[in-house]
2 protein chains.
Amino acid sequence: MPQNGSLPLYQQISELLIRDIAAGRLTDGARLAPERDMAAGMGIAVGTLRKALADLTTKGLLERVQGSGNYIRAKTEVDSVYALFRLELPGGGGLPTAEVLSVARLAKPADLPPFGTSAEAHRIRRLRRLSGAAAAVEEIWLDGSYIDRIAAEDLSESLYLFYRERLGLWIQRAEDQVGLGAVPGWAPDAFAPPSGTAAPLIERLSWAQDGTTAEFSRTWFDPKTARYVARIR
Amino acid sequence: MPQNGSLPLYQQISELLIRDIAAGRLTDGARLAPERDMAAGMGIAVGTLRKALADLTTKGLLERVQGSGNYIRAKTEVDSVYALFRLELPGGGGLPTAEVLSVARLAKPADLPPFGTSAEAHRIRRLRRLSGAAAAVEEIWLDGSYIDRIAAEDLSESLYLFYRERLGLWIQRAEDQVGLGAVPGWAPDAFAPPSGTAAPLIERLSWAQDGTTAEFSRTWFDPKTARYVARIR
DNA sequence: GGTCCAAATTGATACACTATTGATCTACAT
DNA sequence: ATGTAGATCAATAGTGTATCAATTTGGACC
């Protein structure tokens with residue numbers, strides 16, 4: 001007693017082409033054979049093929065050029081430079097800004113997890129605000145192999161944008177561990193929780209596009225001003 | 001084909017199909033056989049089958065397309081029932097287990113965010129362990145519309161599996177907010193941080209497949225035993 | 001370089017037929 | 001009242017076939 005029926009033809013064709021794209025058999029920019037020929041080759045009507053191609057177009061995987069042909073458009077997703085930012089106001093949202101407190105190139109302290117290839121790293125300390133409210137203090141360690149010197153003026157609002165544009169470094173994935181820590185002694189007065197008090201602590205290890213670990217950071221946030229938010233789907 | 005039972009036929013059919021979806025025999029996007037054929041195969045009338053399919057549609061598990069067919073619409077999360085579990089040992093990993101502390105059906109307290117349609121909810125309290133170590137205590141509020149009564153014996157190790165198999169409820173996405181809270185008074189002695197002390201607090205709102213908010217939960221974890229882990233890519 | 005034109009190709013439309021769900025009705029059982 | 005069976009017809013989707021409009025492109029020519 002089978003519950004399964006078969007998908008409509010046009011959906012089967014659409015899925016078949018999507019699979020070809022995913023498998024790399026059809027790459028970005030490639031031109032498909034003329035519709036008349038494709039349909040004949042598949043043993044279906046042009047109208048049916050066109051319905052499948054329209055589906056692909058809707059999905060952003062195909063560009064159809066009248067008089068010219070059908071072209072694959074399979075770009076990797078564009079990501080916002082704030083895609084990796086995870087702090088929000090307790091009610092949600094909040095415009096993130098960053099104020100650099102200090103920048104230094106130092107020998108890597110022993111208490112950091114292993115990352116990068118250099119024995120030295122750049123330590124960047126910042127105060128993070130959400131819609132103007134001091135929400136967190138963070139200490140970022142970027143492996144020394146990417147650049148010799150960083151000056152505070154070099155840094156853009158978004159560190160990851162700076163990495164990308166100036167260092168050719170693309171942070172592609174990260175792992176956060178949220179626990180509890182103590183507010184560090186160098187935290188500025190603008191950060192409400194006093195030095196030494198318990199504060200949620202985010203420890204992040206970040207990986208570059210070539211698979212190497214590039215950066216380690218610690219972020220202490222004020223639980224009255226911010227929440228670490230994760231959306232799971 | 002369906003056994004004689006106390007439930008109406010159309011509900012038995014509905015549950016049978018839900019079980020097929022839960023077991024992965026019917027996957028998202030799949031098309032069911034034509035109603036005429038399905039009904040004949042089950043030995044029931046098309047009208048009865050249609051009533052069952054209407055139930056599935058209401059639950060967000062089916063899309064019925066006039067002239068085309070019936071399509072499964074159940075995006076299952078990753079196969080693992082632990083896909084939504086976010087606590088790990090400080091060194092990473094850890095086998096999660098759960099011990100039910102209490103179950104009760106209560107009027108929704110005023111301090112919960114809005115969720116579900118009922119004025120009542122089931123409150124489930126559990127102790128979570130990671131590889132045997134008491135890592136967290138959690139209080140889950142499931143909207144009362146899904147089931148009248150829950151007994152502690154009803155609950156499986158994974159609450160989400162219970163939801164899926166027994167209630168036809170798919171938790172499809174969730175939002176976690178991690179901040180700081182105080183260990184609740186009902187926490188058992190096995191949980192190391194004493195009642196009232198500061199502990200990281202995860203507040204989670206969960207959505208079902210039909211778009212409704214179904215569940216709210218609070219989880220206090222021991223920062224010496226566990227970390228909230230988010231992997232971003 | 002520009003212009004023109006034929007060929008190639010997709011865009012749009014129409015018609016016909018089949019398959020399938022949507023809607024409605026009657027009848028019977030509990 | 002609800003549940004179940006059975007039937008009929010309306011409406012929609014899918015598929016095939018065909019035709020013509022509109023756009024692009026390459027090549028010839030100046």
Side-chain angles (χ1 to χ4, degrees), chain A residues 1-18 20-21 26 28-74, chain B residues 1-18 20-21 26-74 148 168 210:
Chain A
M1 191 203 59
Q3 321 281 35
N4 284 10
S6 56
L7 286 179
L9 255 194
Y10 81 95
Q11 279 187 25
Q12 291 180 42
I13 303 296
S14 178
E15 287 193 1
L16 184 146
L17 290 170
I18 289 173
D20 279 350
I21 293 168
L26 290 174
D28 189 52
R31 179 176 175 278
L32 297 183
E35 298 173 353
R36 189 186 63 240
D37 297 345
M38 268 183 89
M42 290 171 166
I44 60 174
V46 171
T48 303
L49 175 63
R50 284 179 171 177
K51 212 163 155 52
L53 297 178
D55 183 57
L56 282 195
T57 305
T58 300
K59 288 183 163 77
L61 293 173
L62 193 72
E63 184 188 13
R64 312 186 68 187
V65 182
Q66 181 175 342
S68 177
N70 296 311
Y71 301 87
I72 301 295
R73 291 284 174 262
Chain B
M1 178 339 277
Q3 59 274 46
N4 291 338
S6 54
L7 281 183
L9 208 44
Y10 80 94
Q11 279 187 18
Q12 292 179 44
I13 304 293
S14 178
E15 289 193 359
L16 183 146
L17 290 170
I18 289 173
D20 278 351
I21 294 168
L26 291 175
T27 57
D28 187 53
R31 178 176 173 273
L32 296 183
E35 297 172 355
R36 189 186 61 240
D37 297 345
M38 271 183 84
M42 291 171 166
I44 61 174
V46 171
T48 303
L49 175 64
R50 283 180 172 178
K51 210 160 156 48
L53 297 178
D55 183 57
L56 283 195
T57 305
T58 300
K59 288 185 161 73
L61 294 172
L62 194 72
E63 182 187 15
R64 312 187 69 188
V65 182
Q66 179 177 342
S68 179
N70 296 309
Y71 298 86
I72 301 295
R73 291 284 176 260
D148 278 341
D210 62 2

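Below, chains carry the letters A, B, ... as their sequence lines are ordered, and counting in each starts from 1.
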Asker: Starting at CG of A/Leu56 and ending at C1' of C/dT10, how long is that distance when rounded to a whole Å?
Answerer: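 To the nearest whole Å, that distance equals 15 Å.
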Asker: Atom CG of B/Leu53 and atom P of C/dT20: how far apart are they, to the nearest Å?
Answerer: 14 Å
Asker: Are any of B/Asn70's side-chain N or O atoms less than 4.0 Å away from OP1 or OP2 of C/dT21?
Answerer: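 Checking B/Asn70 against C/dT21: at least one side-chain N or O falls below 4.0 Å of OP1 or OP2.
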Asker: For nucleotides 3-14 of chain D, just jot down a letter per nucleotide in 5' to 3' order: B, S or -, based on protein non-hydrogen atoms under 4.0 Å.
Answerer: SSB-----BBBS
Asker: I would like to know whether A/Glu63 and A/Asn70 meet side-chain contact (heavy atoms from CB on, under 4.5 Å); could you show each step before the answer?
Answerer: CA-CA 6 Å; A/Glu63 184 188 13; A/Asn70 296 311; over 6 Å; no
Asker: Yes or no on side-chain contact (heavy atoms from CB on, under 4.5 Å) for A/Lys51 and A/Ser14, after CA distance, side-chain angles and deciding distance?
Answerer: CA-CA 9 Å; A/Lys51 212 163 155 52; A/Ser14 178; over 6 Å; no
Asker: I'd like to know if B/Arg64 pairs up with B/Glu35 as an ion pair, taking the criterion as any Lys NZ or Arg NE/NH1/NH2 lying under 4.0 Å from an Asp or Glu carboxylate oxygen.
Answerer: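 Salt bridge flag = yes for B/Glu35 with B/Arg64.
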Asker: Between B/Arg31 and A/Pro8, what is the shortest heavy-atom contact and its length?
Answerer: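 In this case the closest contact between B/Arg31 and A/Pro8 is CD-CD, 4.1 Å.
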Asker: For side-chain contact (heavy atoms from CB on, under 4.5 Å), just list the numbers for B/Ile13 and B/Leu53, CA-CA rounded to whole Å, side-chain angles, deciding distance to a tenth of an Å, and then say yes or no.
Answerer: CA-CA 8 Å; B/Ile13 304 293; B/Leu53 297 178; over 6 Å; no
Asker: For A/Leu61, is there any backbone N or O sitting under 3.5 Å from a side-chain donor or acceptor partner on A/Arg73?
Answerer: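 The answer is no, because no donor-acceptor pair under 3.5 Å joins these two groups.
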Asker: Mind listing the N/O atom pairs, protein and nucleotides 2-6 of chain C, below 3.5 Å?
Answerer:
none

Asker: Which residues, if any, of residues 32-40 of chain A bring a heavy atom under 4.0 Å of DNA chain C?
Answerer: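 Of all residues in residues 32-40 of chain A, the ones placing a heavy atom under 4.0 Å from DNA chain C are A/Pro34, A/Glu35, A/Arg36.
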Asker: Is the backbone of A/Ala54 close enough, under 3.5 Å, to the side chain of A/Thr58 for a donor and an acceptor to pair up by distance?
Answerer: yes
Asker: Whole angstrom is fine here: how far is it from CD in B/Glu63 over to P in C/dT21?
Answerer: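 These atoms are roughly 13 Å apart.
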Asker: Where do A/Ile72 and A/Leu32 land on the side-chain contact (heavy atoms from CB on, under 4.5 Å) test, with the steps shown first?
Answerer: CA-CA 8 Å; A/Ile72 301 295; A/Leu32 297 183; 4.1 Å; yes
Asker: Closest approach of B/Met38 and B/Leu17, non-hydrogen atoms and distance?
Answerer: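 Heavy atoms of B/Met38 and B/Leu17 come nearest at CE-CD2, 4.3 Å.
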Asker: Hey, are the side chains of B/Glu15 and B/Tyr10 touching, using non-hydrogen atoms and a 4.5 Å cut-off?
Answerer: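 Of all side-chain heavy-atom pairs linking B/Tyr10 with B/Glu15, none is under 4.5 Å.
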